[in-house]
Amino acid sequence: VNRVLRVSPPPAGLRGVIATPGDKSIGHRAILFGALAAGQTVVTGFPGGADVRASLGAIQALGAVADWQGTTVTITGRGLALGRAGETAIDCANSGTTMRLVAGICAGHPGRVTLDGDGSLRRRPMERVSAPLRTMGALITTTDGRPPMVVQGGALRAFDGTLAVASAQVKSAILLAGLRASGTTRVREPLLSRDHTERLLDRMGVPVRTVDGAVCLDGGHTPQGLPVPLPGDVSSAAFLVVAGLLVPGSAVQLPAVGLNPTRIGALTVLRRMGGGIDENDVEDLAGEPRGTLRAHSSALQATTISADEVPATIDELPILAVAAALARGETRLTGAAELRVKESDRLAAIEQLRVLGVAIETTADGFVIEGSGGRPLQAGRIVSHGDHRIAMAFAVAGLVTPGGVVIEGADCVDVSYPKFFEQLAALGAIVESA
Ligand code: S3P
């Protein structure tokens, strides 16, 4: 499918209360760790997008049983040994998290697992995860460093090392392999990436501790199944937060959004830009903080996003670029070369802001955007490059573009946020076929 949609400004402000889909990052982990657990794991608030469906397919291929009803998924775990040895082929679709975490799970699994994905995933680097898993004892081949990759599991020894780039996916793969390794696995990263794996494994009864900046776990612990109530995904919420800030006369309320400190860099950046974002009813539930976000129309000022802020803002940088495009002054981003190897080359994709009349220059690892100071953008047509976050970022740009923004390949929002356009329309936006 290549759905072409035009998004244009609402007649009045965006107003309403929206239930953000469940957190994709924690959702993957709940499913994958549930498969390795003893007993049942019940995931509620399951977002149902293509990415988490890929993880569900992966654990079924590996022998776990999953039952999906509405937004609840019940997984009957198989324990660390999983169900099946022999040959298994797993289609990870668009999901880098599925591929990299499953590689870690299969590294200690006596069998041969081939991991493949769609055209976008086939362009993404897999040596970053293969190399450390090889040092633990797994036999892994990639295709010129990319998928398809073949993982031949075996007896593992613990890992002790520092990652070249901060990556929660690579860290998680190593920790999962560490569950089946002999000895204590220790992973350090240059900057702290999201810590959902550490939090969830710990809740499942696997002691995870941080010692001198290294995340450590001992091999041999089997996770125990448990209920995992997912918070709303702050990475999805970020699109509606920015929409609420940019469209005059708006007040958008988003209950029970995940507020894990390693994920909320975008809220910090937007507040620094002058964004009116309130947090209420904050509570810690099942090891992950969550609360109600409320965003109201605000005049934004430019800012500088530094390299140390990148891990906690990584998936929100496309939508922060749109916020910067409407801010007063010059916004700069550095230290984000990782954007070049996401679902698309996101720096190249963001450069399409130029089509809307925005002054943007990109560098190897960032961008410089001269904002319009609140002036509406010029109508234009962009392509999503099959990247959900690019499609959603430009949809939000359409809300401040009187002639609208036409998005080619809008269907890819299904990866993380199947109801995105529906919810945007419910808030008052004009969304139509083009
Ligand atoms: C994710 C980690 C990040 C992020 C991705 C999800 C995760 O990737 O960009 O969308 O769930 O672990 P990296 O680990 O490659 O930084």
Side-chain angles (χ1 to χ4, degrees), residues 21-33 47 49-52 54-55 58 92-105 117 120-121 123-133 145-147 163-176 187 189-201 215 228 230-231 233-239 258 260 262-266 288 307-320 335-347 349 365 386-390 392-393 412-413 415-417:
D23 190 278
K24 172 162 90 69
S25 211
I26 307 172
H28 280 296
R29 287 160 172 78
I31 290 164
L32 297 170
F33 305 177
D51 261 22
V52 288
S55 283
C92 301
N94 193 243
S95 177
T97 306
T98 304
M99 186 169 288
R100 293 183 178 132
L101 269 60
V102 169
I105 288 173
S120 152
L121 190 53
R123 286 189 291 274
R124 300 183 64 188
M126 292 299 149
E127 278 303 318
R128 54 177 59 192
V129 68
S130 306
L133 294 175
R146 300 186 165 76
L163 306 183
V165 283
S167 165
Q169 293 175 356
V170 176
K171 173 176 64 178
S172 300
I174 294 169
L175 292 173
L176 289 169
V187 193
E189 29 182 12
L191 292 164
L192 178 64
S193 65
R194 63 190 65 188
D195 64 357
H196 301 305
T197 291
E198 295 91 308
R199 287 173 184 246
L200 184 56
L201 281 180
V215 181
V228 185
L230 299 178
D233 196 325
V234 68
S235 296
S236 301
F239 295 99
N260 179 311
T262 62
R263 291 286 299 284
I264 55 171
E288 290 282 356
D308 61 333
E309 289 185 298
V310 167
T313 56
I314 184 74
D315 293 336
E316 290 65 70
L317 293 168
I319 188 62
L320 288 177
E338 278 295 299
L339 287 179
R340 299 240 177 240
V341 291
K342 291 294 178 187
E343 287 85 326
S344 68
D345 175 343
R346 286 187 172 157
L347 288 171
D365 70 346
D387 185 332
H388 54 133
R389 301 204 197 278
I390 295 302
M392 294 188 278
C412 62
V413 303
V415 162
S416 62
Y417 199 162

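When a ligand or atom number is given, it counts from 1 through the structure's own listing order. Source: prediction; values computed, not measured.
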Enquirer: Could you tell me which atoms of ligand 1, counted from 1 in the order shown, lie closer than 4.0 angstrom to a heavy atom of Thr97?
Expert: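 Listed by number with element: 1 (C), 6 (C), 7 (C), 11 (O).
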
Enquirer: Hey, does Glu338 come in under 3.5 Å of ligand 1, counting only N/O atoms on both sides?
Expert: no

Enquirer: Which protein heavy atom lies closest to atom 1 (C) of ligand 1, and at what distance to 0.1 Å?
Expert: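 Result for atom 1 (C) of ligand 1: Gln169 NE2, 3.5 Å.
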
Enquirer: Mark yes or no for whether Asp365, through its side chain, and Gly335, through its backbone, hold a donor-acceptor pair below 3.5 Å.
Expert: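 Between the backbone of Gly335 and the side chain of Asp365 there is a qualifying donor-acceptor contact (under 3.5 Å).
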
Enquirer: Which pair of heavy atoms, one from Pro132 and one from Val170, lies closest together, and at what distance?
Expert: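 Answer, listing the atom of Pro132 first, then Val170: CG-CG1, 4.4 Å.
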
Enquirer: Looking at CD1 of Ile26 and CG of Leu230, how far apart are the two atoms once the value is rounded to the nearest 0.5 Å?
Expert: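 Reported to 0.5 Å precision, the distance equals 6.5 Å.
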
Enquirer: Under 4.0 Å from any heavy atom of Arg100, which atoms of ligand 1 are there?
Expert: 15 (O)

Enquirer: For His196, which part has a heavy atom under 4.0 Å from ligand 1: side chain, backbone, both, or neither?
Expert: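 It is neither; nothing of His196 touches ligand 1.
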
Enquirer: With Asp315, which residues qualify under side-chain hydrogen bond (donor to acceptor under 3.5 Å, both in side chains), at least two apart?
Expert: Arg194

Enquirer: For Ala173 and Leu133, which heavy atoms make the closest approach, and how far apart are they?
Expert: O-CD2, 4.0 Å

Enquirer: Report yes if Asp315 has an N/O atom closer than 3.5 Å to an N/O atom of ligand 1; otherwise report no.
Expert: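 There is such a contact, yes.
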
Enquirer: Please state which option from Pro311, Ser25, Gly96 has its nearest heavy atom closest to atom 11 (O) of ligand 1.
Expert: Ser25

Enquirer: Please state whether His28 comes within less than 4.0 angstrom of ligand 1, counting heavy atoms only.
Expert: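 His28 does not count as a contact of ligand 1 under the 4.0 Å cut-off.
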
Enquirer: Please work out whether any backbone atom (N, CA, C, O) or any side-chain heavy atom from C-beta onward of Lys171 is under 4.0 Å from ligand 1, and answer side chain, backbone, both or neither.
Expert: neither

Enquirer: Please say whether Ile314 places an N or O atom under 3.5 Å from an N or O atom belonging to ligand 1.
Expert: no

Enquirer: Under the 3.5 angstrom rule, does the side chain of Arg124 hit a backbone N or O of Ser120 as a donor-acceptor pair?
Expert: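 No.
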
Enquirer: In the protein, what heavy atom is nearest to atom 16 (O) of ligand 1, and what distance, to one decimal place, separates them?
Expert: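 Answer for atom 16 (O) of ligand 1: Lys342 NZ, 3.5 Å.
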
Enquirer: To which protein heavy atom is atom 12 (O) of ligand 1 closest, and what is the distance rounded to 0.1 Å?
Expert: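 That would be Arg29 NH2, 2.6 Å.
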
Enquirer: List the residues meeting side-chain hydrogen bond (donor to acceptor under 3.5 Å, both in side chains) with Glu198, not counting sequence neighbours, and say none if there are none.
Expert: Lys171

Enquirer: Spell out, as yes or no, whether a donor-acceptor pair under 3.5 Å connects the side chain of Arg340 to the backbone of Asp345.
Expert: no

Enquirer: Would you check whether Arg128 has a nitrogen or oxygen atom less than 3.5 angstrom from a nitrogen or oxygen atom of ligand 1?
Expert: no

Enquirer: Report yes if some heavy atom in the side chain of Leu163 is under 4.5 Å from a heavy atom in the side chain of Ile174; otherwise report no.
Expert: yes

Enquirer: Looking only at distances, can you tell me whether any N or O atom of Arg389, backbone or side chain, sits closer than 3.5 Å to an N or O atom of ligand 1?
Expert: no

